[in-house]
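Reminder, nothing fancy here: chain letters follow the sequence lines and each chain counts from 1.
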Amino acid sequence: MPNQSFYFEKIKTNIGIIYILECQKGICFIAPANDPRVKKIQLELSPQEGLIYYTKIKKNLIQFLKKKEKLIKFPIYFILGSVFQISVWKQLLKIPYGSISTYSLVAEKIQNLKAVRAVGTAIGKNPIMIYVPCHRVIAKSGSLGGYAYGMLMKHKILDIEKSV
DNA sequence: CACGATGCTTGAA
DNA sequence: TTCAAGCATCGTG
């Protein structure tokens, strides 16, 4: 990774403590604080505590989870992931707020029609929850599919988006 | 490096 | 509902 300064913060929300990592180029990582990847990041990047670039994301995320305001777009900067994974994640960013896509549709969009299953695994490793809207991707059958942090969470987030 | 196992899928049986 | 095909990763040896 490039020589860049990273900043992190853990914020309290009504779905638990969320860890946010940023650098000048954008938001780099968001996940529940107990996600095992957080430890690795802290160890390898030793970021400083306290966001300085995209501080508004804290309030936005908290308010969003309270159904008080819509998600705001922030610059996204992927610091990890294979070419395949990043193409999947970038594709997710194209799904409009409040709308839904499917695993196979995403596979089709990235010109890898048959990699549907792989798309699922890649989405499962989404490094920036909510702002990279992996929750907007469901199974072609109409069922919700899966979610790294539990179906309960996916359902909740979708529900919030529907109502705000 | 080479396999085998795994995962937020799908379509067919 | 169960199963196998299909694909990128990851862990093992």
For A:Ser99, give me all partners under side chain to side chain donor-acceptor pair (under 3.5 Å), at least two apart in sequence or on another chain.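 A:Ser99 satisfies side chain to side chain donor-acceptor pair (under 3.5 Å) with no other residue.
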Within [range], residues whose heavy atoms come under 4.0 Å of DNA chain C:
range                       : result
residues 114-121 of chain A : A:Lys114, A:Ala115, A:Arg117, A:Ala118
residues 84-111 of chain A  : A:Phe84, A:Gln85
residues 140-164 of chain A : none

Got A:Phe78 and A:Lys90 here, is their nearest side-chain heavy-atom distance under 4.5 Å?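 Side chain of A:Phe78 against side chain of A:Lys90, heavy atoms only: contact under 4.5 Å found.
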Side chains of A:Tyr149 and A:Met129: does their closest heavy-atom pair fall under 4.5 Å?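 Yes, at least one pair of side-chain atoms sits under 4.5 Å.
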Under the ring pair (Phe, Tyr, Trp, His ring centres under 6.0 Å) rule, what pairs show up with a residue in residues 17-53 of chain A, not counting sequence neighbours?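 Residue pairs passing ring pair (Phe, Tyr, Trp, His ring centres under 6.0 Å), neighbours aside: A:Tyr7-A:Tyr53, A:Phe8-A:Tyr19.
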Between atom [atom1] of [X] and atom [atom2] of [Y], what is the distance when rounded to the nearest 0.5 Å?
X        : Y       : atom1 : atom2 : result
A:Leu21  : A:Tyr54 : CG    : OH    : 12.0 Å
A:Ile18  : A:Lys10 : CD1   : NZ    : 11.5 Å
A:Ile128 : A:Cys28 : CD1   : SG    : 6.5 Å
A:Ile20  : A:Ile57 : CD1   : CD1   : 5.0 Å

Which atoms of nucleotides 1-5 of chain B (N or O only) lie under 3.5 Å from a protein N or O atom, and what are those distances?
none

DNA chain C in dot-bracket, Watson-Crick or G-U pairs under 3.5 Å, [ ] crossing, | other strand? |||||.|||||||
Sequence neighbours excluded and cut-off under 3.5 Å, please list the side-chain donor-acceptor pairs for residues 153-164 of chain A, or say none.
residue	atom	partner	partner atom	Å
A:Lys154	NZ	A:Tyr103	OH	3.3
A:Lys154	NZ	A:Val137	O	2.8
A:Lys154	NZ	A:Leu144	O	2.7
A:Lys154	NZ	A:Gly146	O	2.9
A:Asp159	OD2	A:Lys67	NZ	3.0
A:Glu161	OE1	A:Gly98	N	2.9
A:Glu161	OE1	A:Arg136	NE	3.1
A:Glu161	OE2	A:His135	NE2	2.9
A:Glu161	OE2	A:Arg136	NE	2.9
A:Glu161	OE2	A:Arg136	NH2	2.7
A:Ser163	OG	A:Asp159	O	3.0
A:Ser163	OG	A:Ile160	O	3.2

Apply salt bridge (Lys or Arg N to Asp or Glu O under 4.0 Å) to A:Glu69 and list each qualifying residue two or more places apart in sequence or on a separate chain.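 Per chain and number, A:Glu69 pairs via salt bridge (Lys or Arg N to Asp or Glu O under 4.0 Å) with A:Lys59.
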Set of residues satisfying salt bridge (Lys or Arg N to Asp or Glu O under 4.0 Å) with respect to A:Lys12, sequence neighbours excluded: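 For A:Lys12, no residue satisfies salt bridge (Lys or Arg N to Asp or Glu O under 4.0 Å) once neighbours in sequence are set aside.
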Any link between A:Leu92 and A:Leu105 through a network of hydrophobic side chains (Ile, Leu, Val, Met, Phe, Trp, Tyr) touching at under 4.5 Å?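 As far as the 4.5 Å side-chain criterion goes, A:Leu105 and A:Leu92 are not connected within one cluster.
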Which part of the nucleic acid, if any, lies within reach of A:Asn126 when heavy atoms closer than 4.0 Å are counted: base, sugar-phosphate only, or nothing?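 If one applies the 4.0 Å heavy-atom cut-off, A:Asn126 turns out to touch nothing in the nucleic acid.
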Are OP1 or OP2 of C:dC7 and a side-chain N or O of A:Asn112 less than 4.0 angstrom apart?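 Answer no for this pair, as no side-chain N or O of A:Asn112 is under 4.0 Å from OP1 or OP2.
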Say whether, by atom type as modelled, one donor and one acceptor occur between the side chain of [X] and the main chain of [Y] under 3.5 angstrom.
X        : Y       : result
A:Gln42  : A:Pro47 : no
A:Glu9   : A:Leu51 : yes
A:Asn126 : A:Trp89 : no

Listed in order of residue number, which residues of residues 33-44 of chain A have a non-hydrogen atom at under 4.0 Å from DNA chain B?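 Heavy-atom cutoff 4.0 Å gives no residues at all.
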Establish, from distance only, whether the side-chain atoms of A:Tyr131 and A:Asn60 form a donor-acceptor pair under 3.5 Å.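 On atom types as modelled, these side chains qualify, holding a pair under 3.5 Å.
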Report all side-chain donor-acceptor pairs from residues 107-123 of chain A shorter than 3.5 Å, counting only partners two or more places apart or in another chain.
residue	atom	partner	partner atom	Å
A:Thr121	OG1	A:Arg117	O	2.9
A:Thr121	OG1	A:Ala118	O	3.1

